[in-house]
Every structure is written in C-alpha cells, then in structure tokens.
Amino acid sequence: MQNFAPLSATIGGLLIGLSATLLWVFNGRTAGISNIAGGIYPIRRGDELWRFVFLVALPIGAYLGYQFAPLVFAEVPKTLPQISATPIWLVGTGLLVGVGTRVGRGCTSGHGICGLSRLSVRSFVAVGVFMATAIVTVFIMRHVV
C-alpha cells in the first residue's frame, strides 16, 4: 500500500469522530456534509451561518493539517498526490458524486461516520454500496482501463 500512514490516519479518524460528536452534542446536528451544504440554499431556515462556517472551515482545517502534519508526523508525504485526470473528468465525477448523495440521501461522511454510529440500516446499506462501488472502480481503473 502506497503512502499509508497509520498513525496520522488514526488520529485523523479520531478528530473526525470528535468533530462529528461535538456538532451533534452542541448543535443537535448530524455532520453529513451533503446535508449541511444542501441546507445553505435556498436561504429560508435561519441556520445558514453555522452551515457556512462549517463548510468554510473544512478546507481550511485540511490545509492547516497538511501544513503542520509533517512537523508532527514524519510519515506524512511531503508532497500532495498528483491527479492525472482532466478537468472535465473531475467535474463529471464530481457531478456524479453529487447525484449519488441526493439519490442515497446522504454522503460518505453522513452515512459512514454518523449513520453507522447510530446503527442506521440505511447507512449500513449505503456504506456497503459505497465500498462495493469503490472496489469495482479501482479494479476497472487498474486492470481494465
């Protein structure tokens, strides 16, 4: 396995779980990113501010984590992985992910992190579909295309 960093992955997973728990405890909300993003527009609920702050903080936190992780964890790669896909391919796959989150009534974070911990049957089915699709996609990309 290439670039696998068990210590930083474990700590990252714990921090994701902690942030989802804190959002649920202090705000009563599930940390499903697609649902949080979907609640911003149209503006009518009166809870757009926390949603906007949450979504803006996500890439900022990732950037800060990446910047400081090499200082803390020697196992973190010094460079970001290179993506060899074209912009059209990336936009197309992003749109498919968006459609999938609407069809599945949630995304990987909502079903995988929050739904499984709540023992939601729908989330167990959704995560099973996510994993099976990922396995098939990796197989096709590595062995067929």
Side-chain angles (χ1 to χ4, degrees), residues 1-24 27 29-43 45 47-145:
M1 193 173 297
Q2 196 173 25
N3 296 330
F4 179 63
L7 180 60
S8 60
T10 301
I11 292 174
L14 289 171
L15 290 173
I16 290 171
L18 177 65
S19 66
T21 301
L22 291 175
L23 181 65
W24 184 66
N27 204 8
R29 304 293 179 149
T30 302
I33 307 306
S34 61
N35 188 31
I36 292 172
I40 289 179
Y41 185 81
I43 297 173
R45 297 181 189 167
D47 65 349
E48 293 83 13
L49 179 61
W50 77 265
R51 293 171 187 269
F52 183 76
V53 170
F54 190 94
L55 293 173
V56 169
L58 277 174
I60 293 172
Y63 175 78
L64 291 175
Y66 182 75
Q67 291 300 313
F68 291 110
L71 301 174
V72 180
F73 305 107
E75 61 191 20
V76 174
K78 303 288 186 250
T79 59
L80 290 173
Q82 298 298 312
I83 299 173
S84 61
T86 64
I88 291 174
W89 181 261
L90 291 174
V91 169
T93 54
L95 289 172
L96 285 175
V97 170
V99 169
T101 59
R102 281 298 188 199
V103 171
R105 298 185 62 199
C107 58
T108 52
S109 61
H111 284 299
I113 298 168
C114 300
L116 292 182
S117 64
R118 294 183 351 218
L119 303 178
S120 165
V121 173
R122 184 175 75 190
S123 293
F124 277 97
V125 172
V127 170
V129 171
F130 298 155
M131 294 301 292
T133 304
I135 291 168
V136 170
T137 301
V138 168
F139 179 81
I140 290 172
M141 295 304 290
R142 290 195 175 184
H143 302 290
V144 177
V145 177

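In L14, the CG atom is crowded: over 12 heavy atoms of neighbouring residues, nucleotides or ligands sit closer than 6.0 Å. Under a cut-off of 6.0 angstrom, the local environment of CZ in F124 is crowded, with over 12 non-hydrogen atoms contributed by other residues, nucleotides or ligands.
For W24, there are no side chain to side chain contact (heavy atoms under 4.5 Å, CB included) partners, not counting sequence neighbours. For F139, the ring pair (Phe, Tyr, Trp, His ring centres under 6.0 Å) partners two or more places apart in sequence, or in a different chain, are H143. In terms of the side chain to side chain donor-acceptor pair (under 3.5 Å) criterion, residue partners of R118 (sequence neighbours excluded) are, by chain and number, T30.
Between L18 and L22 the shortest side-chain heavy-atom distance falls below 4.5 Å. Using a 4.5 Å cut-off on side-chain heavy atoms (C-beta onward), T93 and T137 make no contact. For the pair R29/W50, a side-chain contact is recorded, criterion being any heavy-atom separation below 4.5 Å from C-beta on. Contact annotation: the side chain of L58 approaches that of L55 to within less than 4.5 Å [non-hydrogen atoms, C-beta and beyond].
The shortest heavy-atom contact between I33 and C107 is N-SG, 3.5 Å. Closest approach of I113 to S117, counting heavy atoms only: O-OG, 3.1 Å. Shortest non-hydrogen contact noted between A31 and F54 is CB-CZ, 4.3 Å. Nearest heavy atom pair, residue R102 against residue G38, reads NH2-CA, 4.2 Å.
Using a distance-only test at 3.5 Å, with no hydrogens or angles considered, a donor-acceptor pair links the side chain of R51 to the main chain of N35.
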